**Q** 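Can you keep this structure in mind? I'll have questions shortly.
Every heavy atom of this structure was used, including side-chain atoms; hydrogens, water molecules and symmetry mates were not. As the structure is a computational prediction, the values presented were derived from the model and not from experiment.
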Amino acid sequence: MKHQHKYDESGKQLCCTLEEKINRKTDKQTGCCSTHNEPENHSDDDGHEHDHLDKDQTTLRMFLPAIISFTLLLVAIGFDNYFPQTWFTAWVRIAWYAVAYLPVGIPVLKEAFESIRKGEIFSEFLLMGIATIGAFAIGEYPEGVAVMLFYAVGEVFQTLAVQRAKKNIKLLLDQRPDEATVMNGEKATVKKASEISIGEIIQLKPGEKLALDGKLISDTASFNTSALTGESKPDTKQKDETVLAGMINLNTVVLVEVTTAYSDSKLSKILEMVQEATAKKAPTELFIRKFAKIYTPIVVFLAIAICVLPMLFLDNYVFRDWLYRALIFLVISCPCALVISIPLGYFGGIGAASKNGILVKGSNFLDIMATIQVVVMDKTGTLTKGVFKVQKVISVDISEADLVKFTAALETKSTHPVGTAIIEYAKGTEKNATVTDVEEIAGHGLKGKVDGNEILAGNVKLMKKFNISYDAEIDNTPFTIIVIAINQKYSGYFLIADEIKEDAKQAIESLHRINVKTVMLSGDKQAVVDAVAKELNIDQAFGDLLPEHKVQKVEALKKEHLHIAFVGDGVNDAPVVALADAGIAMGGLGSDATIETADIVIQNDQPYKIYTAINIGKKTKQIVYQNIGLAFAVKAIVLVLGAGGLATMWEAVFADVGVALLAILNAVRIQRMKF
């Protein structure tokens, strides 16, 4: 059956290329099945190793052909130049170089033949094949071997670099243990995690990782969530709260009831999403792919022209000299540095983001984040914690402790969130108080007796209703105020507000430092929104907004031709997320819908990670552009020198393999950077 080339949805060819060959090798080590080709059906005995450790692809084996070739080449060069041998002439010399060529040459020639057979004529493999066989044809045996040798070494280094990038991403996320201890009454049994059913009870010892998502049965436990959020700060969970695969138990033996199958766990979905992200190409990547497809045949025809056209214009035309120049031109023109180092740069960017608890759904979104000019943020849940907290207590003619005790005791008879905040603030001091005659006054507050004292707790309307004078400044406060009167006398107030996240101010300062404008949108009162914006130094803040009003605000910014990122919960703000250039979900760890909706998911609740995501995008794009500039600059210089007869095969090797290796080393830098 005739081979049919495969392309992804963006038109990128998925077969018969050096990139595909390297991905094919690395996927055998970092994951069972390639995401770059069609899905394969594997049986248990098809020879496909599912332990992800293909022994035939060890680093030594990968380098072995190059080591053999290099050794034979060094000996031959020694016989040619330093230790002349009478027998090392004529056919013996040719045969020696041919044997040195075969270990590195045969795999490349085989790939070239396969590509031609499948209809892909102008491949990197063909360029190297023509250049090296041509060098043999004109008697430049050492150069012919050296070009193919260094090309093969470069390919191994590229394979190792891509393999490392993919493995880093996989290991970073797929940290589930293969086994777990299942409790059946008092009996403990170790089972494969994939065989554990929903409803079974897992025992988790200190230092162990949870294998499946579940519900905590024990009263309390602390977990290290760095595998999921990028943060090693302990997260304390209470009974019946959700715990996720990949979390590490820190202190005591706990029991967890399994609520999700192994293959459906949150970590599985995150891992799948990040692996799929490597297939979503950035515009820069797609351009280079298309460019290489056009560029490669052009340079082949230019090489033919360099060899043949001078015959028409020169009297002293020497075919061998011009063929040599054409071969040099071919070697230089190989686009390896571009087609491997650029995807590798984006691999690194996605991996670096994952390491910091940021899930990027494709390298295209890294490019978008690098260009963001305005970050539009929802207030509640993004910059604030979305939980009412007592921020300040003012007591008048009574101790603060007594004011807190009396008020909290009265609020135990209420279900209002504000009352809950006061009770939490009291920390149990109200439990010994006697509460009687409680009356709830709708729209005003509470009235009752605590330890025999008449207590009024509510808004200023409650004070006015009972003709109790209070501090006039309270009327100018934008936040929620609970005013207290004891025995018909004003006794102070509680200031209650949604607590601003610890790193929110640092996040806004960091965004301003890179000239990113900040806008806050909220459904809360404008006075509250203004107070938060002032405290955080946000550029613009809009309150009293319904969802459709948020859309209008973002549309207005879009009309100014600004690149916008919107940060919200990814579900309620779906229309705004879709409208923005990049939709970012905060604290998306617990929500499948969030992971589905947003382009980028920040797995914990830290606003500072918005800046980190932009920074990673900028660094990734910077490295990609550096590699493009390096490759084009060096190749252009050596191409001109080669066409003019001023460069030899050795310069050509540097322009191809040397630049490719430099670009790869530059690309892997991002995996080592700290953000």
**Q** Enumerate donor-acceptor pairs with a distance under 3.5 Å from any side-chain N or O in residues 453-468 to protein atoms, sequence neighbours excluded.
**A**
from	atom 1	to	atom 2	distance (Å)
N453	OD1	N487	ND2	3.2
N453	ND2	V450	O	3.4
E454	OE1	Q488	NE2	2.6
N459	OD1	K461	N	3.1
N459	OD1	L462	N	3.2
N459	ND2	G443	O	3.0

**Q** Quick one: ring pair (Phe, Tyr, Trp, His ring centres under 6.0 Å) partners of Y493, sequence neighbours excluded?
**A**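 By the ring pair (Phe, Tyr, Trp, His ring centres under 6.0 Å) rule, Y493 matches no residue at all.
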**Q** Distance check, rounded to the nearest 0.5 Å: T412 atom OG1 versus I422 atom CD1?
**A**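 If we round to the nearest 0.5 Å, T412:OG1 and I422:CD1 are 11.0 Å apart.
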**Q** Taking only residues two or more places apart in sequence, or in another chain, which ones meet K389 in a salt bridge (charged side-chain N to carboxylate O under 4.0 Å, His left out)?
**A**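 With sequence neighbours excluded, K389 shows a salt bridge (charged side-chain N to carboxylate O under 4.0 Å, His left out) to E424, given in chain and number order.
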**Q** When rounded to the nearest 0.5 angstrom, what distance separates CG in L383 from CD1 in I508?
**A**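 Here the rounded value is 5.5 Å.
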**Q** So, the side chain of D219 versus the backbone of K239: is there a donor-acceptor pair under 3.5 Å, distance only?
**A**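 Here the side-chain-to-backbone pair does not exist.
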**Q** Do the side-chain N and O atoms of Q540 and K517 include a donor-acceptor pair separated by under 3.5 angstrom?
**A**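 The criterion, which ignores hydrogens and geometry beyond distance, is satisfied for K517 and Q540.
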**Q** Less than 4.5 Å apart, side chain to side chain, heavy atoms only: is that true for L495 and T477?
**A**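 Answer yes - side chains close enough.
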**Q** Report yes or no: do D539 and H512 form a side-chain donor-acceptor pair below 3.5 Å?
**A**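 Distance-only check passes for D539 and H512.
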**Q** May I ask you to test the P206-V253 pair for a side-chain heavy-atom distance under 4.5 Å?
**A**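 P206 reaches V253 side chain to side chain.
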**Q** How would you list, by chain and number, every residue that makes a ring pair (Phe, Tyr, Trp, His ring centres under 6.0 Å) with Y608, sequence neighbours excluded?
**A**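 For Y608, the residues satisfying ring pair (Phe, Tyr, Trp, His ring centres under 6.0 Å) (neighbours in sequence not counted) are Y611.
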**Q** For a side-chain contact (heavy atoms from CB on, under 4.5 Å) with S222, tell me which candidate from T252, T236, D235 qualifies.
**A**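 Of the listed options, the one satisfying the test is T236.
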**Q** Measure the spacing between CD1 of I623 and CD1 of I670 and express it to the nearest 0.5 Å.
**A**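 That separation rounds to 4.5 Å.
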**Q** Indicate the atoms forming the closest heavy-atom contact of V254 with A221, along with that distance.
**A**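 Scanning both residues completely, I find the closest heavy atoms to be CG1-CB, 3.5 Å.
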**Q** Using a distance-only test with no angle check, is there a side-chain donor-acceptor pair under 3.5 angstrom linking E208 and N249?
**A**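 No pair is found: no donor N or O on one side chain lies under 3.5 Å from an acceptor on the other.
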**Q** Taking the side chain as everything from C-beta on, heavy atoms only, tell me whether V624 gets closer than 4.5 Å to K621.
**A**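 Answer no - side chains too far apart.
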**Q** Would the number of heavy atoms belonging to other residues, nucleotides or ligands and lying under 6.0 Å from NZ of K553 be above 12?
**A**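 Counting neighbours around NZ of K553, 12 or fewer heavy atoms of other residues, nucleotides or ligands fall under 6.0 Å, so no.
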**Q** With rounding to the nearest 0.5 Å, note down the distance linking CD1 in I584 to OG1 in T382.
**A**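 Reported to 0.5 Å precision, the distance equals 10.0 Å.
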**Q** Is there a side-chain contact between I441 and L446, using heavy atoms and a 4.5 Å cut-off?
**A**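 Of all side-chain heavy-atom pairs linking L446 with I441, none is under 4.5 Å.
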**Q** Between I398 and F406, is any pair of side-chain heavy atoms under 4.5 Å apart?
**A**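 Yes, at least one pair of side-chain atoms sits under 4.5 Å.
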**Q** Tell me, with the steps shown, if V483 and F494 meet side chain to side chain contact (heavy atoms under 4.5 Å, CB included).
**A** CA-CA 7 Å; V483 190; F494 290 76; over 6 Å; no
**Q** I'd like to know whether E499 forms a side chain to side chain contact (heavy atoms under 4.5 Å, CB included) with Q391, so could you lay out the CA-CA distance, the side-chain angles of the two residues, the decisive distance to 0.1 Å, and finally the verdict.
**A** CA-CA 8 Å; E499 191 176 3; Q391 305 294 330; 3.8 Å; yes
**Q** What are the two closest non-hydrogen atoms of A245 and A211, and how far apart are they?
**A**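 Reported closest heavy-atom pair: CB-O, 3.5 Å.
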**Q** Look only at the side chain of E241 and the backbone of Q238, and say whether a donor-acceptor pair between them is shorter than 3.5 Å.
**A**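 Judged by distance alone, yes, a pair lies under 3.5 Å.
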**Q** Does the pair K619 and I616 meet the rule for a side chain to side chain contact (heavy atoms under 4.5 Å, CB included), with working shown?
**A** CA-CA 5 Å; K619 288 293 183 186; I616 290 172; 5.8 Å; no
**Q** For D397, check salt bridge (charged side-chain N to carboxylate O under 4.0 Å, His left out) against everything at least two apart and list the hits.
**A**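 With neighbours one apart ignored, the set is K489.
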**Q** Is the backbone of T259 close enough, under 3.5 Å, to the side chain of D213 for a donor and an acceptor to pair up by distance?
**A**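 Side chain of D213 to backbone of T259, a donor-acceptor pair under 3.5 Å: no, none is there.
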**Q** Between S399 and D402, does any side-chain donor sit less than 3.5 Å from a side-chain acceptor?
**A**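 Yes.
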**Q** For H563, does its backbone N or O pair with a side-chain atom of T371 as donor and acceptor, under 3.5 Å?
**A**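 Judged by distance alone, no pair lies under 3.5 Å.
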**Q** When you look at K550 and D378, which way does the salt bridge (charged side-chain N to carboxylate O under 4.0 Å, His left out) test go after all the steps?
**A** CA-CA 9 Å; K550 292 182 181 181; D378 191 31; 3.0 Å; yes
**Q** So, T407 side chain and V404 main chain: donor-acceptor pair closer than 3.5 Å or not?
**A**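 Checking the backbone N and O of V404 against the side chain of T407, no donor-acceptor pair under 3.5 Å is found.
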**Q** Can you name the closest pair of heavy atoms from S469 and Y490 and give their distance?
**A**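 In terms of heavy atoms, the two residues are closest at O-CB, 3.2 Å.
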**Q** I want to check something: taking the side chain as every heavy atom from C-beta on, are D498 and K379 in contact at a cut-off of under 4.5 Å?
**A**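 In contact.
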**Q** Using side-chain hydrogen bond (donor to acceptor under 3.5 Å, both in side chains), reason through Q526 and D544 one step at a time and then give a plain yes or no.
**A** CA-CA 6 Å; Q526 186 66 51; D544 300 311; over 6 Å; no
**Q** With a 4.5 Å limit on heavy-atom distance, are the side chains of I248 and F223 in contact?
**A**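 No, side chains not in contact.
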**Q** With rounding to the nearest 0.5 angstrom, report the CG to NZ distance, N251 to K205.
**A**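 Nearest 0.5 Å value for the CG-NZ distance: 15.5 Å.
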**Q** So, K449 and E439, do they make that salt bridge, N to O below 4.0 Å?
**A**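 Salt bridge absent between K449 and E439.
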**Q** Tell me, yes or no, whether the heavy-atom count around Y470 atom OH, taken from other residues, nucleotides or ligands under 6.0 Å, exceeds 12.
**A**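 Check passes, neighbour count above 12.
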**Q** Would you please test V438 and T436 for side chain to side chain contact (heavy atoms under 4.5 Å, CB included) and show each step?
**A** CA-CA 6 Å; V438 177; T436 58; over 6 Å; no
**Q** Measure from the side-chain N and O atoms of T518 to the backbone N and O of V375, and report whether any donor-acceptor pair falls under 3.5 Å.
**A**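 Side chain of T518 to backbone of V375, a donor-acceptor pair under 3.5 Å: no, none is there.
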**Q** Looking at every heavy atom in both A582 and I368, which two are closest together, and how far apart are they?
**A**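 Reported closest heavy-atom pair: CB-CG2, 3.9 Å.
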**Q** Can you tell me if Q373 uses its side chain to pair, donor with acceptor, with the backbone of V516 under 3.5 Å?
**A**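 No, because the side chain of Q373 does not come within donor-acceptor range (under 3.5 Å) of the backbone of V516.
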**Q** Please give me the minimum heavy-atom distance between L359 and S354, naming the atom from each residue.
**A**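 Closest pair (atom of L359, atom of S354, distance): CD2-OG, 4.5 Å.
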**Q** Going by the rule salt bridge (charged side-chain N to carboxylate O under 4.0 Å, His left out), which residues pair with K501 if we only count those two or more places apart in sequence or in a different chain?
**A**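 Partners of K501 by the salt bridge (charged side-chain N to carboxylate O under 4.0 Å, His left out) criterion come out as none, since no residue qualifies.
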**Q** Are any of the side-chain nitrogens in K558 or D581 under 4.0 Å away from the carboxylate oxygens of its partner?
**A**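 A salt bridge is present here (some side-chain N lies under 4.0 Å from a carboxylate O).
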**Q** Looking only at non-hydrogen atoms, find the nearest pair between G349 and T620 and report the distance.
**A**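 Shortest heavy-atom contact: CA-OG1, 3.5 Å.
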**Q** Give a yes or no on whether a salt bridge exists between K405 and D451, defined as a side-chain N under 4.0 angstrom from a carboxylate O.
**A**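 Yes, K405 and D451 are salt-bridged.
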**Q** Does F542 reach the side chain of M520, with side-chain heavy atoms less than 4.5 Å apart?
**A**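 When only atoms from C-beta onward are counted, M520 and F542 do not touch, as no gap falls below 4.5 Å.
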**Q** Can you tell me how far apart CG (N356) and CD (Q606) are? Round to the nearest 0.5 Å.
**A**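 One finds 10.0 Å between CG of N356 and CD of Q606.
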